[in-house]
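A quick write-up on the structure given underneath.
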Amino acid sequence: YLGGTGAANKLDDYEEGTWTPDVLGGGVTWSYNSGVYTKVGRLVTVTFWLQAGSTDSTTGTVSIVGLPFTTNSVGRNTVAIRAYGLSNFSGNDGLIGWTSGNATSVSINATQGGLTSGTQINRNVWGSGAEIHFSLTYMTA
């Protein structure tokens with residue numbers, strides 16, 4: 001309650017757990033795909049690690065799917081990303097991630113040499129051993 005004017009125990013909605021991230025369309029055999037989340041009220045923080053165990057020869061853009069809670073209608077949450085060993089990916093490109101409103105997925109885009117937006121990366125980045133780690137904080141619906 002903290003002496004404010006809000007309802008008592010308003011922040012009692014606390015949850016933590018695990019979730020299993022995947023890439024839209026599949027096609028990758030994962031050596032490691034694990035995520036954790038913490039939810040306090042409508043605020044959710046998720047982290048995950050994906051490491052490919054085999055080369056993905058499929059095409060299509062990369063979206064991480066399976067967020068444990070749907071994003072609010074505003075969306076446009078940004079993601080902190082670290083990538084290692086991606087194939088077909090320029091060393092000058094960085095990665096950014098973002099969510100749409102009312103979604104349970106995250107789009108992963110190349111920043112094209114440091115620009116703040118770019119094109120969604122293709123699934124051919126998943127060579128054997130390639131990794132993406134990320135952290136995202138967002139509001140649920």
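Numbers here simply count residues along the sequence, with the first being 1.
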For this session: Nearest 0.5 Å please: distance from the CD atom of E15 over to the OG1 atom of T38.
Result: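 Going from the CD atom of E15 to the OG1 atom of T38 covers 9.5 Å.
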Exercise. Looking at OH of Y37 and CG of L136, how far apart are the two atoms once the value is rounded to the nearest 0.5 Å?
Worked result: 14.5 Å
Could I get the full list of side-chain contact (heavy atoms from CB on, under 4.5 Å) partners for [X], not counting sequence neighbours?
| X | answer |
| --- | --- |
| E131 | W49, Q51, R82, Y84, H133 |
| V74 | N72 |
| S107 | S63, W98, N109, Q120 |
| S105 | V65, A103 |

Residues in side-chain hydrogen bond (donor to acceptor under 3.5 Å, both in side chains) with [X], at least two apart?
| X | result |
| --- | --- |
| W19 | none |
| T71 | none |
| T137 | T45 |
| R42 | none |

For this session: Could you walk me through whether Y32 and L50 pass the side chain to side chain contact (heavy atoms under 4.5 Å, CB included) test, one step at a time?
Result: CA-CA 6 Å; Y32 193 84; L50 286 174; over 6 Å; no
Exercise. Which hydrophobic side chains are connected to L43, either touching it within the sub-4.5 Å cutoff or through other members that do?
Worked result: M139
Nearest non-hydrogen partners of [X] and [Y], listed with the distance:
| X | Y | value |
| --- | --- | --- |
| I132 | A83 | CG1-CB, 4.2 Å |
| A52 | G127 | CB-O, 3.5 Å |
| P21 | I64 | CB-CG2, 4.0 Å |
| S135 | V79 | O-CG1, 3.5 Å |

For this session: Please confirm whether the backbone N or O of D22 pairs with a side-chain atom of N33, one donor and one acceptor, at under 3.5 Å?
Result: no
For this session: Evaluate the criterion side chain to side chain contact (heavy atoms under 4.5 Å, CB included) for residue pair T70 and T140; output intermediate values, then yes/no.
Result: CA-CA 6 Å; T70 301; T140 64; over 6 Å; no
Exercise. Taking the six-membered ring where the residue is Trp, are the ring centres of Y138 and F69 under 6.0 Å apart?
Worked result: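 Y138 vs F69: aromatic centres not under 6.0 Å.
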Exercise. Just wondering, do T99 and T104 contact through their side chains at under 4.5 Å, heavy atoms?
Worked result: no
For this session: Kindly indicate, with the supporting measurements, whether the criterion side chain to side chain contact (heavy atoms under 4.5 Å, CB included) is fulfilled by V46 and V36.
Result: CA-CA 6 Å; V46 296; V36 296; over 6 Å; no
